There are 2 protein chains.
Amino acid sequence: MAASDLAALAALFADESRAAFLLALLDGRAWTAGELARQAGVAPSTASEHLGKLVAGGVLAEERQGRHRYVRLADPGIAHLVEDLAARSQPEVPAAPRSLREASAGEAMARGRTCYDHLAGRLGIAITEAMTVRGLLRQDTGFALTDRGLTWFDDRGITLVRKGRRPVARGCLDWTERRPHLAGIAGAALCRHALDAGWCVRIGSERAVKVTAEGESALYASLGIAPAALR
Amino acid sequence: MAASDLAALAALFADESRAAFLLALLDGRAWTAGELARQAGVAPSTASEHLGKLVAGGVLAEERQGRHRYVRLADPGIAHLVEDLAARSQPEVPAAPRSLREASAGEAMARGRTCYDHLAGRLGIAITEAMTVRGLLRQDTGFALTDRGLTWFDDRGITLVRKGRRPVARGCLDWTERRPHLAGIAGAALCRHALDAGWCVRIGSERAVKVTAEGESALYASLGIAPAALR
DNA sequence: TGGACGGTTCGGCCGCCGCCGAAGGGTGTG
DNA sequence: CACACCCTTCGGCGGCGGCCGAACCGTCCA
């Protein structure tokens with residue numbers, strides 16, 4: 001309808017510094033203005049202006065604590081939008097890593113990471129595939145949990161709290177694997193459960209996660225995922 | 001990963017003229033450069049430059065025929081992206097129409113329209129709701145056709161051709177109704193069937209469609225949709 | 001073979017926006 | 001109370017990009 005509104009929203013994503021902020025914030029956590037400025041390589045004053053625009057545009061939510069300004073993605077819908085844009089903008093063949101450090105960090109991210117509030121990477125794909133094969137998730141005619149899938153969550157004491165318009169299950173296209181993994185309320189609940197129950201732990205200060213020994217056996221027991229599939 | 005790629009893609013949407021083009025192209029058809037220029041109110045030379053960028057960025061596909069340059073959205077994924085951006089950028093309460101002509105055109109669009117290649121507006125919502133109530137579509141745990149839904153399509157001779165990564169069923173958020181309607185392969189096939197079978201016809205040169213008398217009885221017979229629900 | 005028409009290219013203008021450093025305000029700390 | 005720290009505001013600079021009109025090129029038509 002209103003082209004100017006669409007253009008104004010897109011303009012918020014159309015700056016390299018702001019895009020860097022958004023990609024960093026895709027880890028689902030709240031960052032301070034200074035952290036984002038360092039991450040994107042711009043002066044604090046520049047970052048401050050960018051954050052002002054993103055908050056005013058409803059892309060970010062902010063929370064002031066003392067002399068710190070914490071910001072996070074405003075809601076799952078925005079995260080979804082950033083994911084989609086990022087997925088479309090990725091070149092088909094990713095650039096080769098330039099250093100050993102970069103390669104190992106990239107490998108860790110490819111093994112397992114969070115994508116806003118759910119699990120992605122080979123870990124996320126393995127879970128999604130296992131749930132599909134076991135009849136807990138239906139991907140052939142769309143993307144939805146089955147009744148058995150609901151029971152599976154229930155049996156593990158993971159409650160799916162429906163609120164707002166957010167779908168219970170949604171496919172999120174994985175950057176590295178180029179296949180969908182489980183997102184939505186169920187994806188978020190599962191990720192929280194995995195972290196709470198010690199199935200995996202965050203490594204470094206980044207989005208990467210590592211599956212623990214207990215996680216491997218739990219994933220094998222509940223979904224039949226072979227530990228080798230995660231490496 | 002690459003913030004500059006994301007920003008570059010978003011920049012293609014971040015101009016009012018280009019956004020107007022994309023919204024016009026959401027009707028799923030191919031437009032000529034001149035038509036788009038008039039629609040957006042810019043000089044032909046300006047439109048030509050914009051189209052060059054959109055095509056180079058993979059957002060539009062072009063087809064040259066004689067002295068005409070036809071362009072359309074490159075693929076359903078782009079249409080999805082435009083829809084999502086448009087839905088997010090809409091103000092919560094749409095502006096009141098300024099003229100009677102505008103009001104009646106808006107009302108026609110609200111009743112029924114195409115959204116890229118599927119049906120939207122009250123018509124799209126009514127179909128989606130009816131399919132959900134009848135157990136053909138599952139929305140409570142995601143968005144997917146059920147086995148009975150597959151049979152329903154089969155019974156009507158509508159074949160769902162799976163190709164590429166496009167999902168069979170997907171929810172597309174409706175601008176006017178703010179509820180999801182059926183998109184994806186099934187949504188496109190149903191829309192094509194509805195137009196082919198004369199259930200509805202395009203009105204004007206716009207995206208609006210009108211349900212015919214045969215359409216009303218067909219929708220009632222096959223999905224139990226009362227004609228009153230479409231007005 | 002003109003001429004109308006759709007589209008493109010080019011030059012030039014203008015405005016917007018991202019960037020920084022300097023200065024200042026509010027907050028926590030020694 | 002002074003100082004360090006995080007963030008913000010402001011001024012000024014520079015570049016990018018959208019816009020148009022004029023000229024041009026190819027296509028279709030009389």
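Small disclaimer: the values here were computed from a predicted structure and weren't measured. Lettering of chains follows the sequences in order, A, B, ..., and the numbering in each one begins at 1.
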Quick check on C:dT8: is either OP1 or OP2 less than 4.0 Å from any side-chain nitrogen or oxygen of B:Arg69?
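For B:Arg69, the contact criterion (side-chain N or O under 4.0 Å from OP1 or OP2 of C:dT8) is met.
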Please work out if B:Arg38 contacts a base, only the sugar-phosphate, or nothing of the nucleic acid, heavy-atom cut-off 4.0 Å.
nothing
Taking atom P of C:dT8 as reference, at what distance in whole Å does atom OH of B:Tyr70 sit?
13 Å
Protein-nucleotide distance (B:Leu51, atom CG; C:dG6, atom C1'), rounded to Å
13 Å
Take nucleotides 17-30 of chain C nucleotide by nucleotide from the 5' end and write B, S or -, depending on whether a protein heavy atom sits under 4.0 Å from the base, only from the sugar-phosphate, or from neither.
-SBBB----BBS--
Salt bridge present between [X] and [Y] (N-O < 4.0 angstrom):
X: A:Glu129; Y: A:Arg122; value: no
X: B:Glu107; Y: B:Arg111; value: yes
X: B:Glu83; Y: B:Arg170; value: yes

Relative to the ring of A:Phe21, is the ring of A:His50 parallel (under 30°), tilted (30 to 60°) or perpendicular (over 60°)?
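The rings of A:His50 and A:Phe21 stand perpendicular, inter-plane angle above 60°.
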Nucleotides bounding contact with chain A, strand DNA chain D, heavy-atom threshold 4.0 Å:
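Listed 5' to 3', the contact boundaries are D:dA4 to D:dC10.
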Might you point out which heavy atoms bring [X] and [Y] nearest each other, and give the distance in Å?
X: B:Asp27; Y: B:Arg202; value: O-NH2, 4.2 Å
X: A:Arg113; Y: A:Met109; value: NH1-O, 3.1 Å
X: B:Ala144; Y: A:Phe143; value: CB-N, 3.7 Å

Is it true that a side-chain atom of A:Arg192 and a backbone atom of A:Asp117 form a donor plus acceptor pair closer than 3.5 Å?
no
